[in-house]
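Taking it in order: structure first as structure tokens, then the write-up.
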Amino acid sequence: MPTVKPNPLFGPNRFKLGVFSANADGGIALTRVPERWRADWDDIAAVARMADRAGIEFILPLARWKGFGGETDARGTSFETLTHGAALAGLTERIAIFSTVHAPLVHPIFAAKAIATIDHASHGRAGLNIVCGWHQAEFDMFGVGQADDRYAQGYEWYQVFAGILAGEGPFDFEGTYFQGKDIVGAPVSLQRPRPVTMSAAFSSAGRDFAAKTSDFLFTTFAEIDSGARHIADIKARAAAVGRDLGVFTTCHVVCRDSQAEAEDYYDRYATREADAGAVDYHMAMKQAFAGSHDPHVFDQYRKRFAGGVGTYPLIGTPERIVEEMVKMAGIGFAGTTLSVVNFKDELPLIVDRVLPLMVEAGLRQA
Ligand SMILES: Cc1cc2nc3c(=O)[nH]c(=O)nc-3n(C[C@H](O)[C@H](O)[C@H](O)COP(=O)(O)O)c2cc1C
């Protein structure tokens with residue numbers, strides 16, 4: 001049996017960190033600034049190694065099949081997340097490597113085999129982020145519709161996926177969305193009974209889905225106070241099905257030596273140089289097909305959409321950013337992902353300055 005490394009998602013740090021969407025152009029920003037992230041493979045590999053050496057817990061890619069238009073066609077370029085995960089497994093030592101998989105677009109038997117491959121190649125560091133999708137133009141490309149009940153479809157997907165990796169095969173599956181006979185898959189994953197799972201949602205159906213299927217829910221929040229309410233709701237849903245669930249959130253970050261410098265850069269990339277066409281398109285599609293944010297976020301926070309598709313902004317000095325993280329940990333978040341305009345240029349300051357302050361604040365071990 002191969003050696004199994006501890007998955008950092010279950011490690012001792014009180015507030016865990018991930019790098020989100022470095023596999024896609026722009027990261028999560030919708031901006032025209034020339035230094036925006038281009039998602040060149042060698043840069044992605046360099047960032048993965050940097051995060052790995054720094055002890056950051058996970059890499060989380062975005063699953064995207066088509067861009068959002070505008071001047072930059074934001075997210076028009078992205079690497080597929082299962083093959084991205086397999087490649088990064090060979091380039092890293094400790095970090096957990098998630099793949100983000102669209103349940104309606106990728107068959108669960110294929111996904112189970114691919115994730116088992118990454119889990120073996122990484123000695124137990126694979127993770128699955130299940131998403132049910134919302135971008136209609138992507139479904140149109142595949143020639144499939146969005147299910148009336150996307151989480152019922154997602155739950156069937158999960159049962160097939162998890163059944164294979166748990167070694168329950170051969171089994172038959174007779175669902176509304178998936179059917180199969182004598183379903184098997186070997187090898188099973190090194191992590192038992194399956195690799196760590198996360199799902200990304202905000203709506204009440206999405207939370208119930210996470211409660212049944214995931215070790216972590218990946219979700220947004222508008223203000224730290226409302227975040228506390230959401231966490232209580234999510235934990236209650238998990239408790240109702242006899243499970244516990246960690247909650248991660250997602251932030252866009254501008255970290256600079258001075259507060260003024262950070263705010264000025266945020267203003268530049270997310271207001272003055274925002275890709276207005278991509279922001280309009282993204283916000284309209286999200287409002288039509290997803291419930292992934294508090295509704296008032298769309299009206300109040302256009303800048304947050306340009307800055308990081310509606311996620312929470314961490315803007316300021318390393319000290320200020322850690323103060324915010326202390327509040328997030330205080331209301332019960334297990335951690336956050338971090339996304340910046342240019343991962344290769346900006347991650348070093350976060351590693352050198354923010355991580356040590358997190359240790360001082362009791363959020364992480366040295
Ligand atoms: C933090 C976060 C990350 C997400 N990442 C992706 C992604 O990579 N690809 C995708 O198509 N959808 C992604 N989504 C969208 C979800 O899959 C889901 O379709 C959307 O949140 C709507 O779900 P809900 O309204 O049921 O909560 C993400 C959502 C959240 C909240």
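Basis for what follows: all heavy atoms, side chains included, without hydrogens, waters or symmetry-related copies.
Gly27 approaches Phe343 most closely through the heavy-atom pair CA-CE1, 3.9 Å. The heavy-atom pair separating Glu57 from Leu9 by the smallest distance is O-CD2, 4.1 Å. Minimum heavy-atom separation, Gly185 to Ile164: CA-CG2, 3.7 Å. Pairing each heavy atom of Ala116 with each of Leu165, the nearest pair is CB-CD2, 3.9 Å. Listed here is the closest heavy atom pair of Val131 and Ala200: CG1-CB, 3.8 Å. Here the closest heavy-atom approach between residue Val351 and residue Pro356 is recorded as O-CD, 3.4 Å.
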Can I get a per-line list of side-chain donor-acceptor pairs under 3.5 Å for residues 95-102, giving both atom names and the distance, sequence neighbours left out?
{"residue": "Ser99", "atom": "OG", "partner": "Thr81", "partner atom": "O", "Å": "3.2"}
{"residue": "Thr100", "atom": "OG1", "partner": "Pro61", "partner atom": "O", "Å": "2.5"}
{"residue": "Thr100", "atom": "OG1", "partner": "Asn129", "partner atom": "ND2", "Å": "3.2"}
{"residue": "His102", "atom": "ND1", "partner": "Trp65", "partner atom": "NE1", "Å": "3.1"}

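Here the options are Phe305, Tyr301, Phe68, the test is side chain to side chain contact (heavy atoms under 4.5 Å, CB included), and the partner is Met283; only Phe305 passes. For the pairing with Arg268, the salt bridge (charged side-chain N to carboxylate O under 4.0 Å, His left out) check across Glu35, Glu263, Glu273 returns one residue only, Glu35. Remark: of the listed residues Thr77, Asp25, Asp275, Asp275 is the sole one forming a side-chain hydrogen bond (donor to acceptor under 3.5 Å, both in side chains) with Thr72.
The side-chain heavy atoms of Cys132 and Gln153, taken from C-beta on, include no pair separated by under 4.5 Å. Side-chain contact check for His123 versus Pro2: some heavy-atom pair is nearer than 4.5 Å. Residues Leu82 and Phe110 meet the side-chain proximity criterion, which asks for heavy atoms closer than 4.5 Å. Between Phe10 and Val196 the shortest side-chain heavy-atom distance falls below 4.5 Å. Inter-residue side-chain proximity for Glu346 and Arg256 is flagged as met; some heavy-atom pair is nearer than 4.5 Å. Between Tyr312 and Ile224 there is a side-chain heavy-atom pair separated by less than 4.5 Å. When side chains are defined from C-beta on, Phe171 does not count as touching Gln159, because their heavy atoms never get closer than 4.5 Å. Side-chain atoms of Phe20 and Leu62, non-hydrogen and from C-beta on, do get closer than 4.5 Å to each other.
Using a 4.0 Å cut-off between charged side-chain N and carboxylate O, Glu138 and Arg64 make a salt bridge. Using a 4.0 Å cut-off between charged side-chain N and carboxylate O, Lys344 and Asp42 make no salt bridge. Between Arg237 and Asp233 there is a salt bridge, with a side-chain nitrogen of the basic residue lying less than 4.0 Å from a carboxylate oxygen of the acidic one. Between Arg36 and Glu71 there is no salt bridge, since no side-chain N of the basic residue sits under 4.0 Å from a carboxylate O of the acidic one. Between Asp280 and Arg302 a salt bridge is recorded (basic side-chain N to carboxylate O distance below 4.0 Å).
Here the CZ atom belonging to Phe178 is positioned 12.5 Å from the CZ atom belonging to Phe161, to the nearest 0.5 angstrom. Between the CG atom of Asp40 and the CD1 atom of Ile44 there is a distance of 7.5 Å, given to the nearest 0.5 Å. Annotation: the span from Arg243 atom CZ to Thr213 atom OG1 amounts to 7.0 Å, rounded to 0.5 Å. Separating the CD1 atom in Ile315 from the CZ atom in Arg320 is a distance of 9.5 Å, to the nearest 0.5 Å. For the atom pair Ile56 CD1 and Leu355 CG, the distance stands at 5.5 Å (nearest 0.5 Å). Distance NZ/Lys327 to CD/Glu223: 12.0 Å, rounded to 0.5 Å.
Taking the six-membered ring wherever Trp is involved, the centroid distance between the rings of Trp41 and Phe79 falls below 6.0 Å. Aromatic pair Phe333/Phe15: centroids not less than 6.0 angstrom apart.
Hydrophobic cluster membership differs between Leu60 and Ile130, with clusters built from Ile, Leu, Val, Met, Phe, Trp and Tyr side chains linked at under 4.5 angstrom. Under a hydrophobic clustering in which Ile, Leu, Val, Met, Phe, Trp and Tyr are joined whenever their side-chain heavy atoms come within less than 4.5 Å, directly or via other members, Tyr158 and Ile234 fall into different clusters. In this structure, Met285 is not a member of the same hydrophobic cluster as Phe139, with clusters built from ILVMFWY side-chain heavy atoms closer than 4.5 Å. Leu349 and Val47 fall into different hydrophobic clusters, where Ile, Leu, Val, Met, Phe, Trp and Tyr side chains are chained together by heavy-atom contacts under 4.5 Å. No chain of hydrophobic side-chain contacts below 4.5 Å, direct or via other Ile, Leu, Val, Met, Phe, Trp or Tyr residues, connects Val33 to Val309.
Put simply, the side chain of Lys235 never gets that close to the backbone of Asp244: no donor and acceptor are under 3.5 Å apart. No donor-acceptor distance shorter than 3.5 angstrom exists from the side chain of Ser21 to the backbone of Ala24, with no hydrogens or angles considered. In this structure, the side chain of Lys113 engages the main chain of Ala186 through a donor-acceptor pair within 3.5 Å. Side chain of Arg94 to backbone of Arg125: no donor-acceptor contact under 3.5 angstrom is found. Not a single donor-acceptor pair under 3.5 Å links the side chain of Arg353 to the backbone N or O of Cys255. Thr31 places no side-chain N or O within 3.5 Å of a backbone atom of Ala270 that could act as its donor or acceptor partner. A donor-acceptor contact shorter than 3.5 Å is absent between the side chain of Asp215 and the backbone of Gly246. In this structure a side-chain-to-backbone donor-acceptor pair under 3.5 Å is present from Thr249 to Thr219. No donor-acceptor pair closer than 3.5 Å links the side chain of Gln365 to the backbone N or O of Asn13. In this structure a side-chain-to-backbone donor-acceptor pair under 3.5 Å is present from Asp119 to Leu190.
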Exercise. Show your working on side chain to side chain contact (heavy atoms under 4.5 Å, CB included) between Trp37 and Val340 and close with a plain yes or no.
Key: CA-CA 9 Å; Trp37 187 240; Val340 287; over 6 Å; no

Quiz item: What's the verdict on side chain to side chain contact (heavy atoms under 4.5 Å, CB included) for Phe218 and Thr337, showing C-alpha distance, side-chain angles and the deciding distance?
Solution: CA-CA 9 Å; Phe218 188 36; Thr337 61; 3.5 Å; yes

Exercise. Mind running side chain to side chain contact (heavy atoms under 4.5 Å, CB included) on Tyr266 and His252 for me, showing each step along the way?
Key: CA-CA 10 Å; Tyr266 188 36; His252 55 284; 2.8 Å; yes

Practice problem: In sequence, state the C-alpha distance, the side-chain angles, and the governing distance for Arg272 and Asp264, and then conclude on salt bridge (charged side-chain N to carboxylate O under 4.0 Å, His left out). | Solution: CA-CA 10 Å; Arg272 301 194 297 273; Asp264 182 60; 3.6 Å; yes

Practice problem: Would you check, one step at a time, whether the test side chain to side chain contact (heavy atoms under 4.5 Å, CB included) holds for His107 with Trp157? | Solution: CA-CA 8 Å; His107 198 280; Trp157 188 100; 5.9 Å; no

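The number of heavy atoms from other shown groups lying within 6.0 Å of CG (Asp148) does not exceed 12.
For Ala232, the side-chain contact (heavy atoms from CB on, under 4.5 Å) test picks out no residue, with sequence neighbours left out.
A cation-pi geometry, defined here as NZ or CZ lying under 6.0 Å from the six-membered ring centre and within 45° of its normal, holds between Lys212 and Tyr155.
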